Peer 1: 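Handing you this structure, nothing more for now.
Residue numbers start from 1 in every chain, and the chains themselves are labelled A, B, ... in the order their sequence lines are given, proteins ahead of strands. It should be emphasised that the depicted structure is a prediction, and the values quoted were computed from it without experimental measurement.
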Amino acid sequence: AVPYNVLMDALCKSGRVEEAFRLKGRMVDGTVRPTVVTFGILINGLALSNRFAEVSAVLREMEDLGITPNEVIYNELIGWHSRKGHCSEMLRLFDEMVSKGMKPTAVTYNLISKALCKEGEMERAEKILEEMLLSGMTVHCGLYNTVIAWLLQRPGTLDSVVRLTGEMLARGMKPNGALMTACIRELCKGGKHQEATGIWFEVLAKGFHVDIATSNALIHGLCEGNNMKEATKVLRAMVTQGIELDSITYNIMIQGCCKNRKMEEAIQLRDDMIRRGFKPDLFTFNTFLRAYCNLGKMEEAINQLDQLKSEGLKPDIVTYGTIIDGYCKLKNIEKANEYLTELTENGLKPNVVIYNALIGGHGRKGNISDAIGVLDTMKYKGMQPTPVTYTSLMHWMCYAGLVEEARTIFLQCIEKKIQLG
RNA sequence: UCACGAGUUUACAGAA
C-alpha cells in the first residue's frame with residue numbers, strides 16, 4: 001500500500017484528486033488494502049482543493065471497511081474547520097476525538113489555538129477555554145500552553161496569562177518550560193515580581209521540575225527590577241531545592257550586583273562560580289568590564305580585557321563596545337580610537353553601537369563636526385543609523401547650543417518616519 | 001498522510 005500512498009499523495013498535492021480516487025478504486029478492487037494513511041491522504045487532498053463536502057463519503061467508506069480514524073484524520077478535519085473559522089464544529093471534533101480515547105497531538109492544539117486566537121479574538125480564546133472547562137470538556141494542558149503562548153504575544157494580556165497559568169497549576173497541570181519562562185519574564189517586565197516569584201515557588205511546591213532557563217529568567221527579571229533581595233532569595237531556594245545553578249545564573253547575579261555597585265559581592269559570586277567548576281566566560285568578563293567602566297576605573301577595565309585574553313577567550317564586539325563607550329564617556333577619544341583599531345585588527349567590524357558610542361564621545365567634547373563625521377561614516381558604510389544615533393546627536397547639538405541644527409535632524413527623522421521614542 | 005515553531009545572561013542616546 002505504501003507505493004500507492006506515495007503516488008496518491010503526490011497526485012493530491014498537485015490538485016489531481018480525481019486520479020488519486022481512481023487509484024484508490026483500483027486498490028479496493030485489487031488485492032492491496034487501503035490503510036488509514038491512504039484515507040488521510042485523500043481527505044487532505046479534498047481539503048486542499050476545497051472539496052470538503054465529499055469528505056463525509058470518505059469517512060463512511062472508512063467505516064464500511066472497518067478502518068477507525070486516527071489522530072491525523074481528526075487533525076485534518078479539525079484543521080479544515082479551524083481555517084474556515086468554524087470554531088464550534090472544530091471543538092466538537094476535538095471533544096469527540098478525546099471521548100474516543102485519542103490523545104490530541106501538538107498539531108491539534110496548534111490548529112485549535114490558531115483558530116481561537118485569530119486577530120482580535122483573544123478574549124474569545126479565553127472564553128472558549130473556560131466554556132470547555134464548565135461544560136466538562138477535556139482541557140489538556142497542551143491547549144492551555146498554546147493559548148497562553150498566544151496571549152503572551154499580545155500586549156495587555158498579562159492578567160489573563162497569570163490567571164490561566166494559575167488555573168493550570170490549580171488543576172495539577174504543568175506549564176511547559178518555554179511558557180513558564182515567557183510568563184515569568186513578562187510578569188517581571190510588568191513589575192509583577194510577587195506574582196512571578198509566586199508561580200515559581202508554586203510549581204516547585206507541586207513537585208514539578210523547573211527548567212534552569214525559567215529560574216534564570218526569574219532571577220534576571222528580579223535583578224532588572226532592582227530587586228536583589230528577592231533575587232537572592234530565589235537563588236538560595238534553588239540551592240536548597242537542589243536545583244543546579246549554571247554559569248548563566250552566576251552571570252545574571254553578577255550583573256545584578258554590578259548594577260548596584262556591589263563589586264565585592266560580584267567578585268564573591270565569581271569566586272563561587274569558579275569554585276563550583278564554572279569558568280568565567282565572555283559574558284562574565286564583559287559584565288565586570290562594564291562595571292569598572294561605569295566606575296571610571298579604566299585600568300581595572302583593561303585589566304579584565306587582558307585577563308580574558310590570557311584565559312584564551314577572544315574579546316568580541318561587546319567587549320570593545322564597552323571599552324570604547326567607557327573611554328568616550330571620559331571624553332578620551334584617542335583611547336577609544338585605539339581600541340577601534342584593535343577591534344578591526346582582530347577581524348571584527350564596528351557596528352552601530354560602536355558608532356553611537358563614538359558620537360557620544362565627540363558630542364561630550366562639544367565636537368559636533370566630528371560627531372557628524374561619524375554619522376557620515378556610518379552612512380558611507382551602508383549602516384542604518386538607529387534612533388539612538390539621532391537622539392544622541394541631537395542631544396549634544398543642543399548641548400553645544402546648536403539648536404537649529406538639532407531641529408533639522410529632528411525634521412529629517414520625521415520625514416524618514418524614524419521613531420525616536 | 002496533518003499546523004506551527006522554541007525559552008534564560010553582557011555594550012550605545014534622551015526624560016526625571
Side-chain angles (χ1 to χ4, degrees), chain A residues 2 5-6 8-10 12-13 35-45 47-48 70-80 82-83 105-115 146 149-150 152 175-185 211-221 223-224 246-256 258-259 281-291 293-294 316-326 328-329 351-361 363 385-396 398-399 420-421:
Chain A
V2 175
N5 287 344
V6 173
M8 288 167 69
D9 188 38
C12 283
K13 284 182 176 147
T35 65
V36 204
V37 176
T38 314
F39 288 104
I41 291 168
L42 290 172
I43 290 174
N44 190 37
L48 285 176
N70 65 5
E71 296 84 351
V72 174
I73 302 283
Y74 271 99
N75 285 346
E76 287 175 339
L77 302 180
I78 287 174
W80 199 81
S82 139
R83 278 182 282 271
T105 66
V107 176
T108 321
Y109 294 122
N110 277 311
L111 288 167
I112 290 180
S113 59
K114 204 170 176 181
T146 36
W150 278 89
L152 280 171
N176 68 33
L179 177 54
M180 277 274 294
T181 307
C183 186
I184 281 180
R185 176 173 32 83
D211 286 353
I212 184 65
T214 305
S215 306
N216 286 343
L218 176 59
I219 296 184
H220 179 237
C223 287
E224 280 296 292
D246 65 8
S247 54
I248 296 182
T249 321
Y250 281 104
N251 287 339
I252 292 169
M253 284 299 294
I254 289 172
Q255 157 77 350
C258 286
K259 257 187 36 173
D281 57 17
L282 259 187
F283 282 91
T284 322
F285 279 107
N286 288 345
T287 302
F288 273 103
L289 220 151
R290 159 105 194 269
C293 286
N294 282 344
D316 65 359
I317 194 68
V318 175
T319 317
Y320 286 111
T322 310
I323 296 174
I324 290 172
D325 180 57
C328 284
K329 289 217 165 86
N351 62 13
V352 259
V353 175
I354 305 278
Y355 286 119
N356 289 344
L358 287 169
I359 288 177
T386 63
V388 175
T389 316
Y390 292 114
T391 46
S392 172
L393 192 56
M394 285 162 52
H395 176 255
W396 293 114
C398 292
Y399 189 79
L420 297 178

Peer 1: For A:Asn356 and A:Ser392, does a side-chain donor sit closer than 3.5 Å to a side-chain acceptor?
Peer 2: no

Peer 1: Checking side chain to side chain contact (heavy atoms under 4.5 Å, CB included) between A:Thr105 and each of A:Leu111, A:Val72, A:Asn75, which is the one that passes?
Peer 2: A:Asn75

Peer 1: Whole angstroms only, please: what is the CZ-P distance between A:Arg185 and B:rA6?
Peer 2: 13 Å

Peer 1: Within this structure, what is the CG-to-C1' distance between A:Asn356 and B:rA13, rounded to whole angstrom?
Peer 2: 7 Å

Peer 1: Is there a donor in the side chain of A:Asp325 and an acceptor in the side chain of A:Thr322, or the other way round, less than 3.5 Å apart?
Peer 2: no

Peer 1: Regarding A:Ser392, tell me which of base, sugar-phosphate or nothing describes its non-hydrogen contacts under 4.0 Å with the strands shown.
Peer 2: sugar-phosphate

Peer 1: Classify the nucleic acid contact of A:Gly360 as base, sugar-phosphate or nothing, counting any heavy atom under 4.0 Å across all strands shown.
Peer 2: nothing

Peer 1: In this structure, how many angstroms lie between the C1' atom of B:rG7 and the CG atom of A:Leu218, rounded?
Peer 2: 14 Å

Peer 1: Using only atom types and a distance under 3.5 Å, with no angle test, would you say the side chain of A:Asp211 pairs donor to acceptor with the backbone of A:Ala213?
Peer 2: no

Peer 1: Please tell me which of the listed nucleotides, B:rC2, B:rG7, B:rA11, lies nearest to the side chain of A:Val318?
Peer 2: B:rA11

Peer 1: OP1 or OP2 of B:rC12 sitting under 4.0 Å from any side-chain N/O of A:Arg290?
Peer 2: yes

Peer 1: What nucleic acid atoms does A:Asp211 come within less than 4.0 Å of, heavy atoms only: base, sugar-phosphate, or nothing?
Peer 2: base

Peer 1: Look at the side chain of A:Thr391 against the base of B:rA13 and say whether a donor-acceptor pair falls under 3.5 Å; ignore hydrogens and angles.
Peer 2: yes

Peer 1: Kindly indicate whether the side chain of A:Asn75 and the base of B:rC2 share any N or O donor-acceptor pair separated by less than 3.5 Å?
Peer 2: yes

Peer 1: Going by centres under 5.5 angstrom and planes under 30 degrees, do the aromatic ring of A:Phe283 and the base ring of B:rU9 stack?
Peer 2: yes

Peer 1: Under 4.0 Å, heavy atoms only, any strand: does A:Ile317 hit a base, just the sugar-phosphate, or nothing?
Peer 2: base

Peer 1: Quick one: label A:Asn176 by what it contacts on the DNA or RNA (base, sugar-phosphate, nothing), any heavy atom closer than 4.0 Å.
Peer 2: nothing

Peer 1: Taking 4.0 Å as the cut-off, does a side-chain nitrogen or oxygen of A:Lys259 come that near to OP1 or OP2 on B:rU9?
Peer 2: no

Peer 1: Would you mind classifying the nucleic acid contact of A:Ile248 as base, sugar-phosphate or nothing, using non-hydrogen atoms under 4.0 angstrom?
Peer 2: base

Peer 1: Are any side-chain N or O atoms of A:Asn216 and backbone N or O atoms of A:Ile219, one a donor and one an acceptor, separated by less than 3.5 Å?
Peer 2: no

Peer 1: Over how many whole Å does the gap from A:Ile43 atom CD1 to B:rU1 atom C1' extend?
Peer 2: 10 Å

Peer 1: Can you check the A:Asn70 CG to B:rC2 P distance for me, whole Å?
Peer 2: 12 Å

Peer 1: Measuring from the side chain of A:Thr287 (C-beta onward, heavy atoms only), which nucleotide among B:rU8, B:rC12, B:rU10 has the closest atom?
Peer 2: B:rU10

Peer 1: Touch check for A:Ala213, heavy atoms < 4.0 angstrom, all strands: base, sugar-phosphate only, or nothing?
Peer 2: base

Peer 1: Under the 3.5 angstrom rule, does the side chain of A:Ser82 hit a backbone N or O of A:Ile112 as a donor-acceptor pair?
Peer 2: no

Peer 1: How would you label the contact of A:Thr249 with the nucleic acid (heavy atoms, under 4.0 Å): base, sugar-phosphate, or nothing?
Peer 2: nothing

Peer 1: Report the distance from atom CD of A:Glu76 to atom P of B:rU1, rounded to the nearest whole Å.
Peer 2: 11 Å

Peer 1: Can you tell me how far C1' of B:rC2 sits from CG of A:Asn5, to the nearest Å?
Peer 2: 14 Å

Peer 1: Could you state the NE2-P distance from A:His220 to B:rU9, rounded to the nearest angstrom?
Peer 2: 5 Å

Peer 1: Consider the side chain of A:Thr181, meaning its heavy atoms from C-beta on, and name the nucleotide among B:rC2, B:rG7, B:rA11 that approaches it most closely.
Peer 2: B:rG7

Peer 1: Considering only side-chain heavy atoms of A:His395, which listed nucleotide, B:rU1, B:rA11, B:rA13, is closest?
Peer 2: B:rA13

